[in-house]
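Below is one structure; the comments refer to it alone.
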Amino acid sequence: MIDFFNANQVLVQATLSGLVLALSIQVPLRMGVFSFAGAGSYGLGGYAAALLVIHLNLNALEAIGLTIVITAFVGLLLGLVISRLNGLYLAMATVAFDLIISVVAINGGTFTGESTGLYGVIVDFTTTTMFIMTVVAVLLVALSERGRTGRRTQAVRDDQQLAASAGVNVRRYRLMAFVVGGALGGLGGAMNVMVRTTIGPLDIGFGLVVLALTMIIVGGTMSWKGAVLGAIIFTWLPHFLDFIGQWQTLVYGVIVALAAIFLPRGIHGVIVDIIRWVQRRRRGTLDKPAPDPSGDPEPEQLLPPSGTSSISPSAPQQPIRGSVARSLLARGAKS
Amino acid sequence: MTVSQEQAAAQPAPAVTPVLELRDVAVHFGGVKAVDGISLRLEPGLVYGIIGPNGSGKTTLIGAITRLTRLTRGELLFDGNSYLDRRASTLARLGVARTFQTVRLLPDLDVVQNIELGFDGRVQDGEKSNRGSWWRTNLGLGTPPEVAQAIARTGLEGFERFYPSELSYGTQRRVEIARAIAMNPRLLLLDEPTAGMNQAERAEISALIKDLRADGLCQLLVEHDVQMMIDTCDYVFAMNTGRLIAEGEPREVVQNPLVQEAYLGRKWREHAADH
Amino acid sequence: MQELVSVISLGSIYLLFSLGMSLTWGTIDVLNFAHGSIFMFATFCAYLILGKTSLPFLAVVGIGVVVGAVLSLLVQVAAFEPILKRARNKRSAEMQILIGGIGIATIPLAIAQVQTKSNPFGLAASTFHVTVWHLGSARITNVAVFTIVVGLAIWGAISVWLRRSRQGLALRSIGVDSETASLMGINRRRLALGTMAVSGALAGLAGVMFTYTTSAITPESGDTLLIKAFAIIILGGVGSMAGVAFGAFALALVETLVLTYTSGSWVDAVAFGLIFLVLLARPAGVFGRKEVRRA
C-alpha cells in the first residue's frame, strides 16, 4: 500500500488538494449559498503561500497558517458584501471574484510573476503532512455535518424562515459559509503550491470551478463523503483513461451536465436514497392512513402541478404532498 | 372610539404582566392594509384564539408578531419589554415558538432530528448548559430528554426514524408542534394546527393544547374550526379585514352579530342558534 | 470621434449579447451559463462553413443566427426542461441549471479549442468586403454601421414587443408570477422555448458581428463575454430593457477609456470590478425593479 502511494505521489497529492478544493465549494453549497469563491481562494492561497515562502522565508506550517487566515478574511469581506443576494446573483458575483483573482495574478507585475507565475517555492513539506492536514480539514467538515450545526445548516439551506423561527441567525451562518469556503480554498491552494513548488495563472481560474463541480456533482453534493468520492474518481480517472487526452474538458463538461440533469445529488446521494429505501422496506409502511377516503398511505413528493396553488403563497420550499392536496380537496368538498 | 379601543378601555388593568402585548400594530403592503391597527394582550397560562375569514390578516399578524414581517407601525412587547428592535432569530431565545400554516419540516431530516432542531434553539433557563450535553448534541449522540418528552407528549413514539415524506399530514403537523414544544417556549403560536385533520386528530390536538395549558404555557391559536375554538380557547379575538371586530369568551364572540356578519355563513348562525 | 464610433459599435455588440441573456433571465428565470459558448460556437460553425464555400455577408449572419437559435433550443429541451421537471424545489432547480449550464458550456468550447488549437479564427473567407466611410475625422466601416443599426433596431423592437404585444405581456407575467400566468392559460413551455430561441439567435448574431468587427475571435471569448453580460445586466437592472442598453454602452465606454489610458490587460477586469461596485452600492441596478435580495 505504502509503495503504491510512493509510486503515485503526484496523484495522491492532486487528490488531496482537489478534495480540499471541492470541499471549499461544497460546504457553502450545502448551506444553500451558491458560492464558487473557493476556487478564487484556492488561487489566492496558492499565490499568497508562494509569496510568503519566497519573500519572508516562512516554513510550511507558518505559511499555510497565515495563508488560511488571509483567505478566510478575504472570504469574510466578500461575504459581507454579497451574502444577502439570492442564488444566481450570488453565484455570478463569486465567479467574478474568481476571475478578478486571475486578472490580478496576471497583471501583478514581477510580484506575481505575470504569465509565467512564481517558481522556486522550496519548502519542507511532505505528502504525509499534506495528508494529515487534509484529514483534519475533512474531520472538521464532517463534524459540522452532524448534530446541532448539521441540522441548522440544513435549515438555512431548505427554509430560511423556519430557521429564523427556530433561533438560527441565518445571516451569520451564511457568512460562515464564505469564511469556511475561503479557509478551505486557501488551504488547498497553499498545500498544492508547496508540493509542486510553482504556481501560475494557468493553474487557477475558472477551470478549477469546473473541476470542483465535477467532483461534487458526481461524488455527492450533500456530504464530505461525496467530495472524497469525487476527488478520487476525477483525479485518477484521466490516469486510467488517457485516451481521452485532449478531450478531458469536454468529457468532464458532459459528465457535469448529465449529472446535473439526472443525478443531482451524486453517487453519495443515490447511496443514501438506497439505504433509506431499504430501511423503509424493513420497517414496513406506516402510520395511520391519511385523513382522506382514498387511503393511500404513501404520499409522493410532487412539485405543485401548474394550476394548483399552494395553501399559502408565502411558503417557498415545500412541494405539495399528495395527501395534502387530497385533504384540501376533501375539505373543500365537505364545506 | 374604534371597537378595539372601546374594548381595551373596558378591560380591567392587568394584574399580571402580559406575556405578549400588541399596541396598534399595522402591516401595510403598498396599498393593502393586511393588518390595520390591532391591540391585544395575552396573559400567561391561557389559550387564546384568533378567528377570521380568509384574508382577514391572521397569518400576517402572526408574521408581524414573530418579526418575519415588518410593521408599518405599532409596538410589540414581550413580558412588558419592547422587542421591536429584535430580529426574528432572537425570538426563540426569548421563548417564542411557532408552527406554520403549511407544514414546514426539513425533508432530509427524520422526525427526531426535526424536533431536535427546535431543541437547538431552546431557552437556557438561565443556567449554563453543562458540557456533557453540548458534546452529545453536537456530535449527534443520543436524544436529549427534552426531545423525548416532546415526542411523548405529541404521541409520536415509534415515528422517530421516519422521514417527513413518509408521514401523513396530521402526523407531520404533530412533529411541527413537537418541535415547537422542544424549544421550551413561554409563548406558543399555532397557525391553523388542525387544518387537514380529521375529527379524531383534532380532538388529540385539542387535548394536547389543554395539557400544555396545564403546564402554564400561554398559547395563541389561529383556527377556522369553530368547535375547536369553543372547546379549546379561553379567550378569542375575531378579525376581519385587518382589524379586531370582537373579542371575549368563545361563545360570546361567536354570537356577536358583527362576527356573524363577517362570515355570512350558515355554520356560524347554526352555532349561535344552538348555543 | 473615432473612439465614439468604436464605443457605440462595441456597445451594440454587447447589447445584442446581453439582450438575449436578460430576456431569459428576466422572464423565465433561466441563467444560461452556456450563452457565451453559443455566441462563440455559432461563429465557429460559420467559420467552418466558410472554409468550404464562400458566402455573402448576410448568409454568414444568417448562419450565426440559426445556429445560435438551434443550440439554445437544444440546451433548453435537452437539459433545462428535464431539470425543471425533476427538481425538488425552486432552489435546487436554480442550482442545477447553473451547474448544468457550466458543464454544457465546456462542450462547444472544447470542440472549438481542439479544432483551432486555441488560436483565434475569423470570417475572412466570405465574399464580403469591409468598406470604410469617413464621418468627419472618424472612420466608419459598413460592419460598424450594420452592427449599430441592427443592434439598436432589435433592442427597440423587443422593448416595444415586450411592452405592447400580448405575448410580450404574457412573457413578463411569467417573470412576475409564473403559476398565476399558467393559470391564465399562458403556454409557458412555448413561450420559454421561443425566448430561448431568440436569445440564442441574438447570441449568434452578436458573435458574427463581433468577429467581423474585431476580425478574430478565440474559443475562450465567449466565457469572458458572459461575465461582461452579467455585469451589464446587473448594472442596468435585471429585466429592464432600458437598463440593458444603458449597461451595454456604459461598459463599452468605460472599457474603451481604460484601454486608451492604461495597458490593455486590465480591460476585462473592468466588468468584474463593476459587478462588485454595483452590488455594493445599488444591487437592483440603475433601472432595476426586481427583488434581488433574499434575507
Side-chain angles (χ1 to χ4, degrees), chain A residues 143-152 154-155 157-173 222 265 272 276 279-280 283 285-292 297-301 310-312 314-328 330-331 335, chain B residues 59 63 66-68 87-93 96-98 100-109 113-114 116-122 134-141 158-159 161-172 179-180 183 191-192 195-201 265 267:
Chain A
L143 270 178
S144 80
E145 285 181 21
R146 308 192 54 137
R148 190 171 194 262
T149 318
R151 289 189 288 268
R152 294 185 134 202
Q154 291 236 11
R157 185 189 75 224
D158 284 336
D159 195 335
Q160 288 190 348
Q161 283 197 339
L162 171 61
S165 70
V168 180
N169 187 337
V170 174
R171 175 139 160 84
R172 197 187 302 169
Y173 266 74
M222 292 292 122
R265 305 182 91 185
V272 164
R276 257 190 234 171
Q279 281 177 343
R280 267 157 64 170
R283 260 203 310 256
T285 44
L286 329 223
D287 190 14
K288 28 171 96 172
D292 59 86
E298 199 98 334
E300 323 117 45
Q301 286 205 20
S310 358
I311 304 174
S312 133
S314 62
Q317 312 293 353
Q318 289 287 330
I320 297 242
R321 320 286 177 181
S323 64
V324 171
R326 276 186 294 256
S327 55
L328 272 183
R331 209 164 56 131
S335 57
Chain B
T59 301
T66 54
R67 304 295 290 129
L68 285 178
R87 263 193 305 236
S89 53
T90 54
L91 288 186
R93 261 204 306 269
V96 177
R98 73 169 285 184
F100 291 85
Q101 201 177 4
T102 46
V103 173
R104 294 199 192 184
L105 297 176
L106 295 183
D108 292 316
L109 298 180
Q113 289 169 322
N114 265 290
E116 283 174 333
L117 183 67
F119 173 74
D120 292 331
R122 167 182 191 96
W134 186 90
W135 280 107
R136 262 212 317 277
T137 329
N138 275 287
L139 292 180
L141 305 166
F159 289 120
R161 295 290 154 209
F162 282 77
Y163 286 87
S165 57
E166 308 173 78
L167 303 175
S168 76
Y169 187 68
T171 315
Q172 289 178 20
R179 179 181 66 208
M183 287 171 73
D191 197 347
E192 301 203 27
M197 287 186 181
N198 59 32
Q199 255 335 90
E201 289 173 316
K267 238 204 267 187

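Side chains are part of it too, since the values below use all heavy atoms of this structure and drop only hydrogens, waters and symmetry mates. This is a predicted model, so every value here is computed, not measured. Below, chains carry the letters A, B, ... as their sequence lines are ordered, and counting in each starts from 1.
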Best-contacting candidate, B/Asp108, B/Thr66, B/Asn114, against chain A by heavy atom pairs under 4.5 angstrom: B/Asp108
Rounded to the nearest 0.5 Å, how far does [atom2] of [Y] lie from [atom1] of [X]?
{"X": "B/Gln113", "Y": "A/Arg148", "atom1": "CD", "atom2": "CZ", "result": "15.0 Å"}
{"X": "B/Thr102", "Y": "B/Gln172", "atom1": "OG1", "atom2": "CD", "result": "10.5 Å"}
{"X": "B/Leu167", "Y": "B/Phe159", "atom1": "CG", "atom2": "CZ", "result": "7.0 Å"}

Region of A/Arg276 that comes under 4.5 Å of a non-hydrogen atom in chain B: side chain
Heavy-atom contact with chain B under 4.5 Å, split by part of A/Arg265: side chain
Side chain / backbone / both / neither for B/Leu91 at chain A, heavy atoms under 4.5 Å: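 The answer is neither part of B/Leu91.
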Which atoms of B/Arg161 approach chain A - backbone, side chain, both or neither, heavy atom under 4.5 Å: both
Sidechain-backbone polar pair: B/Gln101 side chain, B/Asp191 backbone, donor-acceptor under 3.5 Å: no
Backbone N/O of B/Asn198 and side chain of B/Glu201: donor-acceptor pair under 3.5 Å: yes
